[in-house]
Structures are given as C-alpha cells and as structure tokens.
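Below is one structure, written out as structure tokens, with a few remarks after it.
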Amino acid sequence: MKIAHISDFHLRHHIEGDNIKCGPDLIAEGARHIAAHSPDLVAITGDLVDYPLDALDDLDMVALGEKDLYLVRECFDSLSCPVAYVHGNHDHPTSFRRVFSDQPFDFDVQGFRVIIFFDEEGDHNVPQRVGAERARFYSVLSDDDPRPQIHLQHYLMVSV
Amino acid sequence: MAELKAALLADSRRKLVLSGHYHEGEDLMVEDHISFATARAFREPPHPFRVYEITDADITQAEYTL
C-alpha cells in the first residue's frame, strides 16, 4: 500500500492576493510528480485554497474561491488512484462540499479502511471534532470492522 | 483533540493518522499501534510531498520536492 500525502497549497488564482506562493501550475506539477510514484491513494489534507476568512458570506468571493477549488481538483482528476480531499480552516466548507460532493468519507483501498474527518476551529483557534463528525469517529472506533484504518484530517491530533 | 488521541490508542486496530495545517510538518512517529504524520506545506519552497509505504511489518516515509 503506497500513499502519497500532499497538503496546504493555499492556492489563490481567481482569488487575488499579494502573497501568492503556489499557483495552479505548481500544483499540477506536484500531481505529475506524485503520479510518477504510482500511489494507491493520494491524501490531500486541507487548505487547498487560501480563502479570505473575513469574506465567508461574500457571494462573489465564494464563487472565486470555488473556481480555485475546481482548479485543484482538475490537477488530480487524471490520477488513476483514489484522491481523498480534506478541507482545512482556509477552505470555504460549503464550497468544498459542492466541489467534492461525490467524494466518499469512508472507503476501502487495498484492505485498508480510509476515513476522512472534518474538524472545526473552536475558541482560541483550538481544533475540535464535534457533532456528527465526533459521533462518526467514535462509531468507527467501536464497530467490529477488522481492517486497519487510515484517518485523514486537517488538524494534528495534538498541538505542537 | 487529546481526548480523541486517547480513544485512538484505546482501540487495538492498527491506524495511520495523516494531517496537514502545521506548515513545518512532523515526520512519521509511531505510538503503540498508531502512526502519525503531518505533511510539510506544499505551498512553501521546495514544495514537498510524501510517500508512505505500508507493509504488514511497518510504515516508511519518504519526502520528495519539486
């Protein structure tokens, strides 16, 4: 089982910015490098775009951010293995769900159970797993599925 | 999240937990039957990504850059 892991693009292409370090060409090049390793799974663990957090309700900005999410997706759509996307604190959660609406959150890759979790940032920027995500987490730990598990999430399990 | 980690450790199945967010990343570390790894941010030069190989015996990590 071979997993390629790439994270935190913070892409701004349609969304403008003055600190752009990672454009779609660079992400596409990364996807090509990953493809050369012939992974069985690609894990992309959040912050795909660098959505301005003070514009979460700005519909024009949401549309631009969604275009950037589609750009990321296009970079990896040609890979022959499953690609698992997690949203981060710099992604717009509603746009993310629209762009990746066909993505399963619990699936099998070569006998491994791959599970994607979506966490939130609570008070004082402390990450938390709440509501349905928390219930899902405890459910997968308490069922009798014998497969080894691969958990994909944006935040670290413990702070560094 | 510390509570969730304790729950992970309490379940005996083998697991790998992959995360991002922390741009400096953390290398693969193993605690009991759980492996944790945090990717360095691809945004930052030299634009890294990782490949993990999982066998019945262990997990290895290799990092590549563009």
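Residue numbers begin at 1 in each chain, while the letters A, B, ... track the order of the sequences. Side-chain atoms are counted along with the backbone in the values below, which use heavy atoms only and exclude waters and symmetry mates.
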- request: Give, for atom CG of L4(B) and atom CZ of F117(A), the distance between the pair rounded to the nearest 0.5 Å.
  value: 9.0 Å
query: What do the steps show when you test H47(B) against H33(A) for ring-ring contact (aromatic ring centres under 6.0 Å, His included), and what is the final call?
result: CA-CA 11 Å; H47(B) 310 299; H33(A) 278 248; over 10 Å; no
query: What's the shortest heavy-atom distance between G20(B) and S7(A), and which atoms?
result: CA-OG, 3.4 Å
query: Same hydrophobic cluster for L141(A) and V114(A), using side-chain heavy-atom links shorter than 4.5 Å among ILVMFWY?
result: no
task: Verify the cluster assignment for V72(A) and M61(A): are they in a single hydrophobic cluster under the rule of side-chain heavy atoms below 4.5 Å apart?
output: yes
CD1-CZ distance between I6(A) and R40(B), expressed to the nearest 0.5 angstrom: 12.0 Å
message: Need one label for H33(B): side chain, backbone, both or neither, based on atoms under 4.5 Å from any heavy atom in chain A.
response: neither
statement: One option among D50(A), D47(A), T45(A), V42(A) has the most heavy-atom pairs under 4.5 Å with chain B, and it is T45(A)
Region of E63(B) in contact with chain A, defined by heavy-atom distances below 4.5 Å: neither
query: NZ of K15(B) to CD of Q149(A): how many Å apart, nearest 0.5 Å?
result: 5.5 Å
message: Testing the 3.5 Å rule here: is there a donor-acceptor pair between the side chains of H21(B) and D8(A)?
response: no
Considering all heavy atoms, the nearest L8(B)-M157(A) contact: CD1-CE, 3.4 Å
- request: May I ask you to check whether over 12 heavy atoms, not counting those of D57(A), lie within 6.0 Å of atom CG?
  value: no
Atom group of A4(A) that falls short of 4.5 Å from chain B, counting heavy atoms: both
field: is_close_aromatic(H37(A), Y64(B)), centroid dist under 6.0 Å
entry: yes
query: Quick one: do Y155(A) and F105(A) end up in the same hydrophobic cluster if we chain Ile, Leu, Val, Met, Phe, Trp and Tyr together by side-chain heavy atoms under 4.5 Å apart?
result: no
task: Mind running side chain to side chain contact (heavy atoms under 4.5 Å, CB included) on E44(B) and K21(A) for me, showing each step along the way?
output: CA-CA 7 Å; E44(B) 310 292 343; K21(A) 295 182 180 177; 2.8 Å; yes
- request: Kindly indicate whether the side chain of C22(A), heavy atoms from C-beta on, has any atom under 4.5 Å from the side chain of F42(B).
  value: yes
message: A quick test of your reading: do over 12 heavy atoms of other residues, nucleotides or ligands sit less than 6.0 Å from NZ of K67(A)?
response: no
- prompt: Taking C-beta and beyond as the side chain, do M1(B) and D119(A) meet within less than 4.5 Å on heavy atoms?
  reply: yes
Side chain / backbone / both / neither for N89(A) at chain B, heavy atoms under 4.5 Å: side chain
message: What I'd like to find out is whether the side chain of L156(A) reaches to under 4.5 Å of the side chain of E26(B), using heavy atoms alone.
response: yes
- prompt: Under a single-linkage definition using a 4.5 Å side-chain heavy-atom cutoff for Ile, Leu, Val, Met, Phe, Trp and Tyr, are V51(B) and F112(A) assigned to the same hydrophobic cluster?
  reply: yes
task: Kindly work out whether a path of hydrophobic side-chain contacts (I/L/V/M/F/W/Y, heavy atoms less than 4.5 Å apart) joins L11(A) to L56(A).
output: yes
query: In terms of heavy-atom proximity below 4.5 Å to chain A, should A62(B) be classed as side chain, backbone, both, or neither?
result: neither
field: Residue I44(A) versus chain B: region with a heavy atom under 4.5 Å
entry: neither
task: Name the member of L41(A), L152(A), L26(A), V86(A) that forms the most heavy-atom pairs with chain B at distances under 4.5 Å.
output: L26(A)
message: According to ring pair (Phe, Tyr, Trp, His ring centres under 6.0 Å), who are the partners of H13(A), at least two apart in sequence or on a separate chain?
response: none
task: State which residue, out of R134(A), Q128(A), R129(A), fulfils the side-chain hydrogen bond (donor to acceptor under 3.5 Å, both in side chains) condition with E3(B).
output: R134(A)
field: Any donor-acceptor N or O pair under 3.5 Å, side chains Y52(B), H5(A)
entry: yes
- prompt: Heavy-atom distance under 4.5 Å to chain A: side chain of I34(B), backbone, both or neither?
  reply: neither
task: Can you measure from CD1 (I3(A)) to CD1 (I54(B)) and round to the nearest 0.5 angstrom?
output: 3.5 Å
- prompt: Residues in side-chain hydrogen bond (donor to acceptor under 3.5 Å, both in side chains) with R147(A), at least two apart?
  reply: D108(A), D145(A)
- prompt: Sub-3.5 Å donor-acceptor pair from the side chain of R13(B) to the main-chain atoms of D144(A), do we have one?
  reply: no
Per-residue contact mode, F137(A) against chain B (heavy atom under 4.5 angstrom): side chain
